[in-house]
Protein chains: 2
Amino acid sequence: MYQQLKNIEIFKSLSDDSLHEFAKHAQDINYPKGTILIRADRVEPHFYVLQSGIARAYSDGENQQITFWFGESGNVLFSFNSYINNKPGYENIELLEDCRLIQIKLADLFSLYNGNTEIANWGRKMAEQELIATERRLIDRSFKGAAERYQEFVNQSPALLKRVALKHIASYLGVTQVTLSRIRAGK
Amino acid sequence: MYQQLKNIEIFKSLSDDSLHEFAKHAQDINYPKGTILIRADRVEPHFYVLQSGIARAYSDGENQQITFWFGESGNVLFSFNSYINNKPGYENIELLEDCRLIQIKLADLFSLYNGNTEIANWGRKMAEQELIATERRLIDRSFKGAAERYQEFVNQSPALLKRVALKHIASYLGVTQVTLSRIRAGK
DNA sequence: TCCATTTTTTAACAAATGTAAAAGGATGCT
DNA sequence: AGCATCCTTTTACATTTGTTAAAAAATGGA
């Protein structure tokens with residue numbers, strides 16, 4: 001497990017000691033395509049790292065479903081509200097392909113945070129990077145038109161474009177599927 | 001300074017020891033209304049806590065300015081990209097009233113993070129709370145119409161409504177000032 | 001108070017996006 | 001292969017929001 005973690009980008013900033021600590025609590029696990037790994041109405045007691053496959057996080061509304069995050073190999077994956085506030089969250093996470101995951105209990109992760117300064121700072125930086133990326137997306141919604149946001153998605157995530165249904169990409173970009181079709185048709 | 005920090009909500013989860021550590025590096029500072037405290041094109045070497053007054057963060061585009069954050073008494077205030085990546089950021093921060101601030105050098109904050117597990121976890125939680133709030137706003141842009149977003153702003157931030165120019169609130173909500181006027185007129 | 005400046009509202013029109021429904025494609029299962 | 005299901009595109013129309021310009025209202029200083 002130590003060797004496995006060592007090859008994951010997000011762990012590369014950690015010392016060997018911290019990585020061994022992580023490895024003690026980490027499990028390798030597989031789930032098939034279509035699995036709803038995390039449900040909005042439950043407290044999810046695990047934290048995951050995607051090793052292969054892709055996933056999406058979405059929120060259910062009255063008559064629509066909003067996809068607001070995609071995860072690829074190497075990304076961390078958890079229920080924000082479980083992780084941060086120990087409450088049921090607003091997001092579901094669905095595996096869009098068969099996935100191989102690292103699984104760690106939140107309780108174990110938190111004791112690592114409390115007992116190891118390096119890991120606490122690792123967790124801090126992880127949250128900060130997500131924060132800055134999310135804020136950029138929020139700002140881009142005001143600055144850029146839907147066509148431009150689509151072009152950026154194509155440039156930055158060509159792999160996702162091929163593997164994810166367009167209806168999910170549409171809601172990720174903040175438009176309806178009809179609008180995305182229009183953009184793609186170049187009209 | 002220790003007594004002063006002790007009364008700020010965001011520091012209340014810290015032990016006395018950690019608070020004394022903070023106090024060693026904290027300074028009390030005042031700036032007048034209109035000050036551009038943080039500029040997008042510079043690395044900002046400080047981290048601030050607002051003690052009184054209000055502020056906004058905004059990003060400049062070609063022909064518009066997007067306000068994406070408001071700060072009130074008790075909020076932390078920093079340049080994300082300076083703080084997180086040590087690079088010039090995308091945001092300016094303007095003081096909308098005379099403000100009293102706590103100022104701490106980022107270099108000092110980072111050494112606190114690296115030397116004190118409790119403070120590292122405090123910083124982690126701070127980033128996590130901002131993250132969850134930002135993500136909610138992003139999701140709400142898709143789920144809710146502009147009129148509903150305005151109503152929520154009115155309910156959640158009545159103080160800001162009175163003290164901030166409507167043009168800034170409009171861009172915070174992701175609409176033009178004309179649209180916000182229409183919403184307010186109930187049309 | 002008066003004036004200049006800034007902010008907010010209103011109006012008319014244009015553009016972008018949403019909605020609903022239908023048709024065409026693609027996919028997966030038996 | 002054939003069928004059912006789901007995804008994507010297209011069309012027509014409605015609605016929302018943006019743009020530009022002007023007027024009204026508020027603000028701040030001399």
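Reminder, nothing fancy here: chain letters follow the sequence lines and each chain counts from 1.
- Here the shortest heavy-atom pairing between A/Arg124 and B/Ala120 reads CD-O, 4.0 Å.
- If you find the closest nucleotide of DNA chain C to A/Val178 and to B/Gln177, the one lying nearer the 5' end belongs to B/Gln177.
- In this entry the distance linking CD1 of B/Ile183 with C1' of C/dT10 reads 15 Å, nearest Å.
- Rounding to the nearest 0.5 angstrom, the gap separating the CD atom in A/Glu91 from the CD1 atom in B/Ile139 is 7.5 Å.
- With no hydrogens or angles considered, a side-chain donor-acceptor pair links B/Arg56 and B/Gln65 at under 3.5 Å.
- Computed from C1' positions of five pairs at each end, the angle between the two local axes of the helix from C/dT1-D/dA30 to C/dT30-D/dA1 equals 50°, rounded to 10 degrees.
- Residues B/Gly174 and A/Leu180 both approach DNA chain D. Their nearest nucleotides, taken by heavy-atom distance, put A/Leu180 toward the 5′ side.
- OP1 and OP2 of D/dT8 both lie 4.0 Å or more from every side-chain N or O belonging to A/Arg184.
- Taking the centre and axis of the six-membered ring of B/Tyr172, the NZ or CZ atom of B/Arg137 falls inside the cone set by 45° and 6.0 Å.
- Here the side chain of A/Gln103 pairs no donor or acceptor atom with the backbone of A/Ala26 at under 3.5 angstrom.
- Using a 3.5 Å distance cut-off with no hydrogens or angles, the side chains of B/Asp60 and B/Asn92 do pair a donor with an acceptor.
- Of all nucleotides listed (D/dT10, C/dG18, D/dC7), D/dT10 comes nearest to the side chain of A/Ser181.
- For DNA chain D, the neighbouring residues in residues 157-168 of chain A, judged by any heavy atom under 4.0 Å, are A/Ala165, A/Leu166, A/Lys167.
- Under the 6.0 Å cut-off for aromatic ring centres, A/Tyr58 and A/Phe68 do not qualify, their centroids lying 6.0 Å or more apart.
- Proximity of A/Thr176 to the phosphate of C/dT17: no side-chain N or O atom is located under 4.0 Å from OP1 or OP2.
- Other residues sharing a hydrophobic cluster with A/Val178 under the 4.5 Å side-chain heavy-atom criterion for ILVMFWY residues do not exist; the residue is a singleton.
- Following rounding to the nearest Å, A/Arg56 (CZ) and D/dC7 (P) show an atom-to-atom distance of 10 Å.
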